[in-house]
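Note: hydrogens, waters and symmetry copies are ignored here, and every other heavy atom, side chains too, is used.
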There are 2 protein chains.
Amino acid sequence: MPEGAHAHVQSGESLLFLTDEQLRKGIEAMFFAYRGFTADPDRILEEYGYGRAHHRALHFIHRSPGTTVNNLLAILGVTKQSLNRVLRTLIVDGLVESRVGKRDKRERHLFLTEAGDALERKLSDAQRARMRAAYRAAGPEAVAGFRQVLEAMMEPELRRHFKRLKDSGS
Amino acid sequence: MPEGAHAHVQSGESLLFLTDEQLRKGIEAMFFAYRGFTADPDRILEEYGYGRAHHRALHFIHRSPGTTVNNLLAILGVTKQSLNRVLRTLIVDGLVESRVGKRDKRERHLFLTEAGDALERKLSDAQRARMRAAYRAAGPEAVAGFRQVLEAMMEPELRRHFKRLKDSGS
DNA sequence: GATCTTATGTCAGCCTTGTTGACTTTCCAA
DNA sequence: TTGGAAAGTCAACAAGGCTGACATAAGATC
């Protein structure tokens, strides 16, 4: 194999040499990296008595202010009972506001309060700082590859949500 | 900025344009991708009445046969009580064997039984299949970048474990 | 208007998997 | 021989998943 593995890529039933070894390294990299990914927010959340579930809710409400419960459910992939427990504490604690829909009064539209926005910012500042450091250490081409592989790894259903969110951004 | 963001990379306090928007996309990509990453094993584990904790134990015992409980503890980052509960069920169910250390009889060395190896293979086949598909879809340069960013994202302590495992491989 | 469906919330109970704290046993090493 | 490390165990607790059942409000349809 003169040109090395990189030579064989395109075709579906490609000759690309992906040994179990290489794949296993990727799997372990995902495992260890995800721990780093959540480590900083986890530390902050602990101070507030919240968990990752609260962080996820804050993140996506911040991301899509006015989103409905049902929409959040689809993105987070949990049951309404699970989400509701988390949402209730955030509402009671004054971090999230739930407004009855104007067009459809069955819907609740979710917004962050000032306090909610402040915590969300604190959490995402920490998470972005690590992501920024990793991006800078790896360089922009690595970042592009990183994003491509992650996107290809998603369940199609979730990839749809991801792209919708992605496109609504900057 | 004529050449685009890619032009600025190297320097530590780089001018590399990493907007909060871009970083947020990376964060969301990690979130959604990790769900895909665990989806296939999760489905299999459910059939057996096991959870992700069992998968992790099986994975790393397969990876380093004869590893001690303490070593596993450091890699998994949980308490011995947590690990022990999982390990006990795997031992009782005949998937893992625990052998008293020869040199140090306090230590227990962990091995997969044939049944344990079979389940581990089933789980990692599923997980590798998705990883392989993602790698092929993204291409080898993307894979290299993927790995670089993940590694940069790890906690230093865990990166050490990762590298040790990595180098012990093929 | 009556009925079907959807969106949401809530109660109760269960499971996995994490935690802390206390305690025991084994056994290496100083 | 004694201190401490490695391992195991018990108890209790919490977060955050889950299911099932049920209530309410309100849009949609017949």
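The CG atom of B:L90 sits 13 Å away from the C1' atom of C:dT17 (whole-angstrom rounding). Rounded to an integer number of Å, the gap from B:Y34 OH to D:dG17 C1' is 16 Å. Atom pair A:L76:CG and D:dC18:P shows a separation of 10 Å (rounding to whole Å applied). Spacing between atom CZ of B:R103 and atom P of C:dC27 amounts to 16 Å, rounded to whole angstrom units. Rounded to whole angstrom, the span from the CG atom of B:D42 across to the P atom of C:dT16 amounts to 14 Å. With rounding to whole Å, A:R99 atom CZ is found 18 Å from C:dT8 atom C1'. One atom, CG of A:L72, and another, C1' of C:dA7, lie 14 Å apart when rounded to the nearest Å. Remark: C1' of C:dT20 and CD of A:E46 are 12 Å apart, rounded to the nearest angstrom.
Across all strands, B:R85 comes closer than 4.0 Å to base atoms (heavy-atom distances). Residue A:H54 is classed as a sugar-phosphate contact, given heavy-atom separations below 4.0 Å to backbone atoms only.
In the interface, the side chain of B:R52 is not paired with the base of C:dG18 through any donor and acceptor atom under 3.5 Å apart. At a cut-off of 3.5 angstrom, the base of D:dG27 holds no donor-acceptor pair with the side chain of A:K105. Counting distance only, with no hydrogens placed and no angle test, the side-chain atoms of A:Q81 and the base atoms of D:dG16 include no donor-acceptor pair under 3.5 Å. On a pure distance criterion of 3.5 Å, no polar donor-acceptor pair joins the side chain of B:R106 and the base of D:dA7.
Of the two residues contacting DNA chain D, namely B:E107 and A:Y50, the nearest-nucleotide position lying further toward the 5' end is that of B:E107. Of the two residues contacting DNA chain C, namely B:L83 and B:K102, the nearest-nucleotide position lying further toward the 5' end is that of B:L83. Comparing B:K80 and B:V86 by the nucleotide of DNA chain C whose heavy atom lies nearest to each, the residue mapping closer to the 5' end is B:V86.
Distances shorter than 4.0 Å separate none of the side-chain N or O atoms of A:T79 from OP1 or OP2 on D:dG17. OP1 or OP2 of D:dT9 lies within a sub-4.0 Å distance of a side-chain N or O belonging to B:R88. An OP1 or OP2 oxygen of D:dT9 is reached within less than 4.0 angstrom by a side-chain nitrogen or oxygen of B:N84. For the pair B:R56 and C:dG18, the criterion of a side-chain N or O lying under 4.0 Å from OP1 or OP2 is met.
Taken to the nearest 0.5 Å, the CG atom of A:L58 stands 5.0 Å off from the CG atom of A:L90.
Set against D:dG16, C:dT8, D:dT9, the side chain of A:N70 has C:dT8 as its closest nucleotide. Comparing C:dG18, C:dT8, D:dC18 by their closest approach to the side chain of B:S82 singles out C:dG18.
Classification of the B:Y50-B:Y48 ring pair by plane angle, with boundaries at 30° and 60°, yields parallel.
Taking each heavy atom of A:M30 and B:L150 in turn, the nearest pair found is N-CD1, 3.7 Å.
Between A:M131 and B:I27 there is a side-chain heavy-atom pair separated by less than 4.5 Å.
Screening A:F162, A:Y34, A:F37, A:F60 for a ring pair (Phe, Tyr, Trp, His ring centres under 6.0 Å) involving B:F31 leaves a single residue, A:F60.
Judged purely by atom type and a 3.5 angstrom limit, B:R159 has no side-chain atom pairing as donor or acceptor with the backbone of A:F32.
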